[in-house]
Structure formats: structure tokens, C-alpha cells
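Everything numeric here is computed off the predicted structure, so don't read it as measured data. Position 1 is the first residue of the sequence; numbering continues from there.
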Amino acid sequence: MLLAGDAAGLVNPMTGEGIFYAVATGALAGRAAANAVIAGRPQDAGARHRGAVRGLLQRHLRHTWSASRLIRVPRVVDAGIRAARRDQRVFDDLVELGLGDGLITPRLVAQLVRSLG
């Protein structure tokens, strides 16, 4: 059995969103199972799946965990809104972080610091 999405505990800690994780890890589960069967080692499907999920999401989840802590501070949220209003790319970075597999980018950090200053 391979778990995907919220069944695997994959929910964005910043937004509570899980559709992206469900679709992405579901596809990875199917690929891992198929490749393990093709290789004649179906028992390896779990390890293949874990490795693929880590490769796809580990860095992103570290970033969203950090962001989920930062957004507890109203001043940081206000700075993020101001930064996103000023720069479409910052807005896009925030959307990807909350709804996709985005990261806290150097541009996002720079614009947050500018907005906090």
C-alpha cells in the first residue's frame, strides 16, 4: 500500500491546502508501483515512493513550515501583502508556496525585508 496526499500526512502547513500534494504524490505512487513491478521487485515500491516524495517535496515542506511560523506574526503578513501588491513575481512566489511546490525565494525575502523596514 502506498499513501498519497493527506493520507500520507501531506498538507501544506501554511495554508492547509492538499490538492497539489494529493495529485503529485498519487502520480509518484503509481509510477513507483509500476517501476517496482517492471523491475520484478514489487516489494521495493514503498522505498521508491518515499524517495520520490522526498525528492519532490522535502525542501518545499521545510520552506512552508518556516513560512507557517512567520505568518503567525501579523506584521510579517502585512509586509507580505504589501510586497505582493508591489511585485507580481512576489505574489506568484507566495501563491506557489501556498498552493504548489514553491520555495521562499531570495526575491521574496528581499521584498519582505523592504516592506518590514
Closest heavy-atom pair and its distance - [X], [Y]:
{"X": "Ser68", "Y": "Pro13", "value": "CB-O, 3.3 Å"}
{"X": "Ala32", "Y": "Arg48", "value": "O-CD, 3.7 Å"}
{"X": "Ala4", "Y": "Ala22", "value": "CB-O, 4.3 Å"}
{"X": "Ser66", "Y": "Ile104", "value": "CB-CD1, 4.2 Å"}

Using side-chain hydrogen bond (donor to acceptor under 3.5 Å, both in side chains) as the criterion, list what pairs up with [X], not counting sequence neighbours.
{"X": "Arg107", "result": "Asp93"}
{"X": "Asp6", "result": "none"}
{"X": "Gln58", "result": "none"}

Supply the atom-to-atom distance [X] [atom1] to [Y] [atom2], rounded to the nearest 0.5 angstrom.
{"X": "Leu108", "Y": "Glu96", "atom1": "CG", "atom2": "CD", "result": "12.5 Å"}
{"X": "Leu57", "Y": "Asp101", "atom1": "CG", "atom2": "CG", "result": "7.0 Å"}
{"X": "Leu61", "Y": "Thr64", "atom1": "CG", "atom2": "OG1", "result": "4.5 Å"}
{"X": "Asp92", "Y": "Leu97", "atom1": "CG", "atom2": "CG", "result": "12.5 Å"}
{"X": "Gln111", "Y": "Thr105", "atom1": "CD", "atom2": "OG1", "result": "9.5 Å"}

Worksheet entry | Listed partners of Asp44 passing salt bridge (Lys or Arg N to Asp or Glu O under 4.0 Å), at least two apart | Arg41

Worksheet item: Does one hydrophobic cluster hold both Val53 and Phe20, with members joined at side-chain heavy-atom distances below 4.5 Å?
Response: yes

Fill in: Pairing residues for Val95 by the side-chain contact (heavy atoms from CB on, under 4.5 Å) criterion, not counting sequence neighbours
Phe91, Leu99

Discussion item. Please enumerate all residues that pass side-chain contact (heavy atoms from CB on, under 4.5 Å) together with Thr15, with sequence neighbours excluded.
Written reply: Asn12, Glu17

Practice prompt. Kindly state each residue pair satisfying side-chain hydrogen bond (donor to acceptor under 3.5 Å, both in side chains) with at least one member in residues 25-37, sequence neighbours excluded.
Written response: none

Apart from [X] itself, which Ile, Leu, Val, Met, Phe, Trp or Tyr residues share its cluster (side-chain heavy atoms under 4.5 Å, direct or through members)?
{"X": "Leu2", "answer": "none"}
{"X": "Ile19", "answer": "Val23"}
{"X": "Met1", "answer": "Leu3"}

Taking only distance into account, with no hydrogens and no angle test, what donor-acceptor pairs under 3.5 Å do side-chain atoms of residues 69-85 form with protein atoms, sequence neighbours excluded?
| residue | atom | partner | partner atom | Å |
| --- | --- | --- | --- | --- |
| Arg75 | NH2 | Leu116 | O | 2.8 |
| Arg82 | NH2 | Ser115 | O | 2.7 |

Item to complete: Sequence neighbours left out, what passes ring pair (Phe, Tyr, Trp, His ring centres under 6.0 Å) with His60? Give chain and number order.
Response: Tyr21

